[in-house]
A.B. asks: 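Before anything else, here's the structure in question.
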Amino acid sequence: MVALWLLTAACLAGSLAELDASQPQEGVISASTHPSSARLLEDPPLGLPPAKPLRPLKQASIDLGRRLFFDRRLSFNQTLSCGMCHIPEQGFAQQELAIPVGMEGRPGRRNAPSLYNVAHRPALFRDGREEYLEQQIFAPLLAANELGNPSIGSVLQRLRRIPGYVAAFQSAYGQGININTLSWALADYQRTLVSADSPFDRWHFGGDADAVTAAAKRGFVLFNDSGCAACHLIAKDHAHFTDDQFHDVGMPRGGIQPIAQLRVAPGRTIDVDENTNAGMVPAKPIDLGRFDATGQIEDRWKFRTPSLRNVALTAPYMHDGSLPTLRAVVDFFDRGGDRPGADERVQPLGLKQSQKEDLIAFMRSLTGSNVDALAADARSAPIGDRL
């Protein structure tokens, strides 16, 4: 049991280090530090097109969703929150672990994807099994290796026992805590995680010749010439840097590798013995990707093309988190993947070392100007309350 607790602690480490010991009292739903966040979809930063949410976004619903996103009481044993695997300061992803750790130290199956600009994605999860954020939120709530709840009803009952939430749901939606309002609140907050206006955007779309380095400009030319832009799309007046389609890029087909060492706190690691690893084997160690969502044989090994926006913040990379750095990603595609039978567009590139550095410089230029503001806004949510 000690080993299980330590594994769970690794998932908490990135966010617990940020917590302020003095928290608001129960029942207080803080206002956003950036009240314009409700307008970010329809009036987006440079480089993104407008998007219309399913419902008008109200500040009360965004503030409620933010509070829920960072509340550990959404997990069955009240130790984990959404924000512990989607850490604001780490690109709303998780840098400590290739594969997140959930309830009682149970490992997940896939690397935690970044939530930046998730409102623009027509397919969610790495296998695209959901279309809307309102649907997506239930999978992590119920997964035994994530938040571990036995049912949605158990989550709703837990929240209804908290007076502050009862009042906040009524204020945000004019009705009580139910399956719809819970999904609306979490979805409304995530839709505000809009990030663009990167140095690349200011250069490419804004015409500022000095916004990026010469290396980044060379890297952008190479990005197009080497075929990267065939899947990481750039339109005339905006760029999502993804085609939102599913591809087999030649990743190894093996299952999740044993965890040898975990970072459990800043500057602290633990070794994980063989017996602990043996007990942590997932039920489905071989990940078939898009096949899990469609059942179609041709979809085996395919995963959704990730957006490259803010990619410098979201290591490690690929669906299994097996590539630790941008250089490792460039090396992977330079050698044409690690397995035959991949998408025909994945071919050896024969890049020089200087060209690899230029590509990395280009990808680093895709970090949005508001990532620190989004992280600060996320941390405005009061957390640490107990029943």
Side-chain angles (χ1 to χ4, degrees), residues 5 8-9 11-12 14-35 37-38 55 57-88 92 102-104 115 133-193 376-387:
W5 182 89
T8 302
C11 190
L12 312 185
S15 51
L16 290 181
E18 305 293 331
L19 301 187
D20 184 346
S22 60
Q23 297 295 340
Q25 294 184 352
E26 177 58 65
V28 178
I29 304 294
S30 71
S32 171
T33 57
H34 300 280
S37 58
R55 298 168 307 284
L57 293 181
K58 299 185 297 182
Q59 201 60 50
S61 66
I62 295 168
D63 292 338
L64 172 58
R66 184 193 305 102
R67 171 76 176 271
L68 290 163
F69 191 84
F70 293 98
D71 197 327
R72 285 174 277 172
R73 290 171 294 186
L74 260 65
S75 67
F76 187 48
N77 64 2
Q78 303 182 48
T79 62
L80 298 170
S81 72
C82 305
M84 287 178 174
C85 291
H86 298 281
I87 300 169
F92 286 90
M103 275 279 294
E104 298 178 336
L115 298 182
L133 286 166
E134 286 81 358
Q135 301 164 336
Q136 177 273 332
I137 65 107
F138 295 113
L141 284 172
L142 297 177
N145 59 353
E146 295 189 52
L147 300 186
N149 291 288
S151 68
I152 291 300
S154 70
V155 181
L156 299 176
Q157 292 168 25
R158 198 177 309 132
L159 293 176
R160 289 173 186 147
R161 294 195 295 268
I162 304 172
Y165 274 133
V166 173
F169 273 87
Q170 190 66 38
S171 174
Y173 299 111
Q175 54 183 293
I177 300 171
N178 57 55
I179 193 170
N180 288 328
T181 55
L182 175 60
S183 69
W184 295 344
L186 285 166
D188 286 351
Y189 170 62
Q190 291 179 76
R191 286 196 172 97
T192 68
L193 302 178
D377 177 68
R379 294 304 181 192
S380 72
I383 50 182
D385 299 324
R386 292 292 182 267
L387 289 174

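Counting from 1, the numbers follow the sequence of the chain as shown.
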A.B. asks: Name all pairs fulfilling the salt bridge (Lys or Arg N to Asp or Glu O under 4.0 Å) condition that reach into residues 165-184, sequence neighbours left out, sorted by first residue then second.
C.D. replies: none
A.B. asks: Measure across Leu141 and Ile152 and return the closest heavy-atom pair with its distance rounded to 0.1 Å.
C.D. replies: CD1-CD1, 4.2 Å
A.B. asks: For the side chain of Ser75 and the backbone of Leu80, is there at least one donor-acceptor N/O pair under 3.5 Å apart?
C.D. replies: yes
A.B. asks: What's the shortest heavy-atom distance between Leu147 and Cys82, and which atoms?
C.D. replies: CD1-SG, 4.4 Å
A.B. asks: Would you mind reporting whether Arg379 and Pro88 have side-chain heavy atoms less than 4.5 Å apart?
C.D. replies: yes
A.B. asks: Would you give the length of the straight line joining atom OG of Ser81 to atom CG of Leu74, rounded to the nearest 0.5 angstrom?
C.D. replies: 8.5 Å
A.B. asks: If you compare all heavy atoms of Pro140 against all heavy atoms of Glu146, which two are closest, and at what distance to 0.1 Å?
C.D. replies: CB-OE1, 3.2 Å
A.B. asks: Report the C-alpha distance between Glu104 and Phe76 in whole Å, list the side-chain angles of each, state the deciding distance to 0.1 Å, and finish with yes or no for side-chain contact (heavy atoms from CB on, under 4.5 Å).
C.D. replies: CA-CA 10 Å; Glu104 298 178 336; Phe76 187 48; over 6 Å; no
A.B. asks: Would you compute the distance between atom CG of Leu133 and atom CZ of Arg191 and round it to the nearest 0.5 angstrom?
C.D. replies: 5.0 Å
A.B. asks: With heavy-atom distances below 4.5 Å as the criterion, would you say the side chains of Val166 and Leu159 are in contact?
C.D. replies: no
A.B. asks: So do Phe69 and Leu115 actually touch side chain to side chain, heavy atoms under 4.5 Å?
C.D. replies: yes
A.B. asks: Starting at OG of Ser380, measure out to CZ of Arg67 and round the result to the nearest 0.5 Å.
C.D. replies: 11.0 Å
A.B. asks: Keeping the roles fixed (side chain from Arg66, backbone from Asp377), state whether a donor-acceptor pair exists under 3.5 Å.
C.D. replies: yes
A.B. asks: Quick one: are Phe169 and Leu64 in side-chain contact, heavy atoms under 4.5 Å?
C.D. replies: yes
A.B. asks: Parallel, tilted or perpendicular: which describes the rings of Phe70 and Tyr189, with under 30° parallel and over 60° perpendicular?
C.D. replies: perpendicular
A.B. asks: Please list, chain by chain and in numerical order, all residues satisfying side-chain hydrogen bond (donor to acceptor under 3.5 Å, both in side chains) with Asn77, sequence neighbours excluded.
C.D. replies: Thr79
A.B. asks: Arg55: which residues meet the salt bridge (Lys or Arg N to Asp or Glu O under 4.0 Å) condition with it, sequence neighbours left out?
C.D. replies: Glu134, Asp188
A.B. asks: By side chain to side chain contact (heavy atoms under 4.5 Å, CB included), which residues pair with Ala144, not counting sequence neighbours?
C.D. replies: Arg106
A.B. asks: With sequence neighbours excluded, what pairs up with Tyr173 under the ring pair (Phe, Tyr, Trp, His ring centres under 6.0 Å) test?
C.D. replies: Trp184
A.B. asks: Using modelled atom types and a 3.5 Å cut-off, is there a donor and acceptor pairing between side-chain atoms of Gln190 and backbone atoms of Leu186?
C.D. replies: yes
A.B. asks: Is Ser154 close to Asn149 at the side-chain level, that is, under 4.5 Å between some pair of heavy atoms?
C.D. replies: yes
A.B. asks: The criterion is side-chain hydrogen bond (donor to acceptor under 3.5 Å, both in side chains); which residues satisfy it with Thr181, sequence neighbours excluded?
C.D. replies: Asn178
A.B. asks: Report yes if some heavy atom in the side chain of Tyr165 is under 4.5 Å from a heavy atom in the side chain of Arg73; otherwise report no.
C.D. replies: yes
